[in-house]
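One structure is given below, encoded as structure tokens.
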2 protein chains.
Amino acid sequence: MSELIKLKHEFAKSSDFLVALGDKKRQNIIIALMNQKVILRGLQVTDLVEVTGLSRPAVSHHLKILKDVNLVDYRREGTKNFYYLTHENKEFKKMKLLSEHVMEVVKCNRQI
Amino acid sequence: MSELIKLKHEFAKSSDFLVALGDKKRQNIIIALMNQKVILRGLQVTDLVEVTGLSRPAVSHHLKILKDVNLVDYRREGTKNFYYLTHENKEFKKMKLLSEHVMEVVKCNRQI
DNA sequence: TTCAATAGTTTAAAAATATAAACCATAGAG
DNA sequence: CTCTATGGTTTATATTTTTAAACTATTGAA
């Protein structure tokens, strides 16, 4: 399989992730989840409502999107859900690889 | 300025680029632009219409979005516009840096 | 200078996405 | 068991994005 076909698939697979990450409201949620010092037990939906200024269903909706692309996960404690960023960084590793692969291909394909 | 605030800005600045890159139709345009062997004179809108199966205004629209985030550029020859991928890869370099920075922050912020 | 080719723009419609309101489900306290 | 807190889901609406059709502009050839 050619490099380009591989890259095409790599692109397609990263599509949902890139769109999820591109949204400014979701970026704010991500930043809020990063911004937890010392004891990282995660943030509840209501915490994120406060931080982001979005409504609860909106936060819930965006969290679902972020969860679907493996950017966040949550832990349930009683009736409370504590959301946190997934820490294996799989998706960001893929994102790094994608950018590297693109640059390799473009480097060989210089404009004359 | 804290690392996190910097990262927040880095995220925000990459927002349009990520969304532009996440769209599958635009990915197809990008792949088509990469898929030019030997003599790289660029592709015209009509070429891209054929390759992608989109209408001309749609291709034109997506090219504008890709151009706005510095992913493509074009060269005019008479009435023809030849589109090509920008070859400095500035945006992909930023994308690589962004993923690295996120991983650094998340690494320090481990879940207990 | 008129015609054909190329491609951008505007406008209107269609599709997708995001939001809020109302509702439902579950866990734990009393 | 009942009540409250938390938060997910459904539905209807609003907004945004995408698309196509029609129009316009520009270049070069006849």
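Numbered from 1 within each chain, the chains take letters A, B, ... in sequence-line order. Predicted, not measured: the structure shown is a model, and the values here were computed from it.
Here the side chains of B/Asp68 and B/Lys64 are in contact, with some heavy-atom distance below 4.5 Å. Within the 4.5 Å cutoff, no side-chain heavy atoms of B/Thr52 are placed close to those of B/Lys25. Between B/Glu91 and B/Val69, the closest side-chain pair of non-hydrogen atoms is not below 4.5 Å. Contact check for B/Glu10 versus B/Leu7: side-chain heavy atoms found under the 4.5 Å cut-off.
Checking C/dA18, D/dT19, C/dT19 against the side-chain heavy atoms of A/His62 singles out C/dT19 as nearest.
When heavy atoms are screened at a 4.0 angstrom cut-off, B/Leu63 is found touching no nucleic acid atom at all. If you check every strand for non-hydrogen atoms under 4.0 Å, B/Tyr83 touches sugar and phosphate atoms only.
Rounded to whole Å, the distance from CD on A/Glu50 to P on D/dG7 is 13 Å. Protein atom CG of B/Asp16 is 14 Å distant from nucleotide atom C1' of D/dT17, rounded to whole Å. Taking atom NE2 of A/His61 as the reference point, atom C1' of C/dT19 lies 8 Å away to the nearest angstrom. For the pair B/Leu48 CG and D/dT19 P, the computed distance is 14 Å after rounding to whole Å. Taking atom CD1 of residue B/Ile65 and atom P of nucleotide D/dT19, one finds them 9 Å apart after rounding to whole Å. Whole-Å rounding puts the B/Phe82 CZ to C/dA5 C1' distance at 13 Å. Atom pair A/Leu43:CG and D/dG7:C1' shows a separation of 15 Å (rounding to whole Å applied). Atom OH of B/Tyr74 is separated from atom P of C/dA7 by 11 Å (rounded to the nearest Å).
Of the two residues near DNA chain C, A/Asp23 and B/Asp47, the one whose nearest nucleotide lies more 5' is B/Asp47.
With A/Asp47 contributing its side chain and A/Gln44 its backbone, the two residues share a donor-acceptor pair below 3.5 Å. Side-chain N or O atoms of A/Ser15 include one that pairs as donor or acceptor with a backbone N or O of B/Gly22 at under 3.5 Å. Looking at A/Arg26, its side chain never comes within 3.5 Å of a backbone N or O of A/Asn28 through a donor-acceptor pair.
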Would you list the protein and nucleotides 2-4 of chain C atom pairs, both N or O, that sit under 3.5 Å from each other?
none

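Taking a 6.0 Å sphere around CD of A/Glu77, one finds it holds more than 12 heavy atoms contributed by other residues, nucleotides or ligands.
Considering only side-chain N and O atoms, A/Thr46 lies under 4.0 angstrom from the phosphate OP1 or OP2 of D/dG7. Neither OP1 nor OP2 of D/dT9 sits under 4.0 Å from any side-chain N or O of A/Lys64. For the pair A/Gln44 and D/dT6, the criterion of a side-chain N or O lying under 4.0 Å from OP1 or OP2 is not met. Using a 4.0 Å cut-off, no side-chain N or O of B/Asn81 falls inside it from OP1 or OP2 of C/dT6.
Take A/Tyr83 and apply the ring-ring contact (aromatic ring centres under 6.0 Å, His included) test, not counting sequence neighbours, and it matches A/Tyr74.
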**Prompt:** In the 5'-to-3' direction, what one-character label does each nucleotide of nucleotides 20-30 of chain C receive under the scheme B = base within less than 4.0 Å of a protein heavy atom, S = sugar-phosphate only, - = no such atom?
**Reply:** BB-----BS--
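From B/Leu43, atom CG reaches atom CG of B/Leu33 across 5.5 Å, with rounding to the nearest 0.5 Å.
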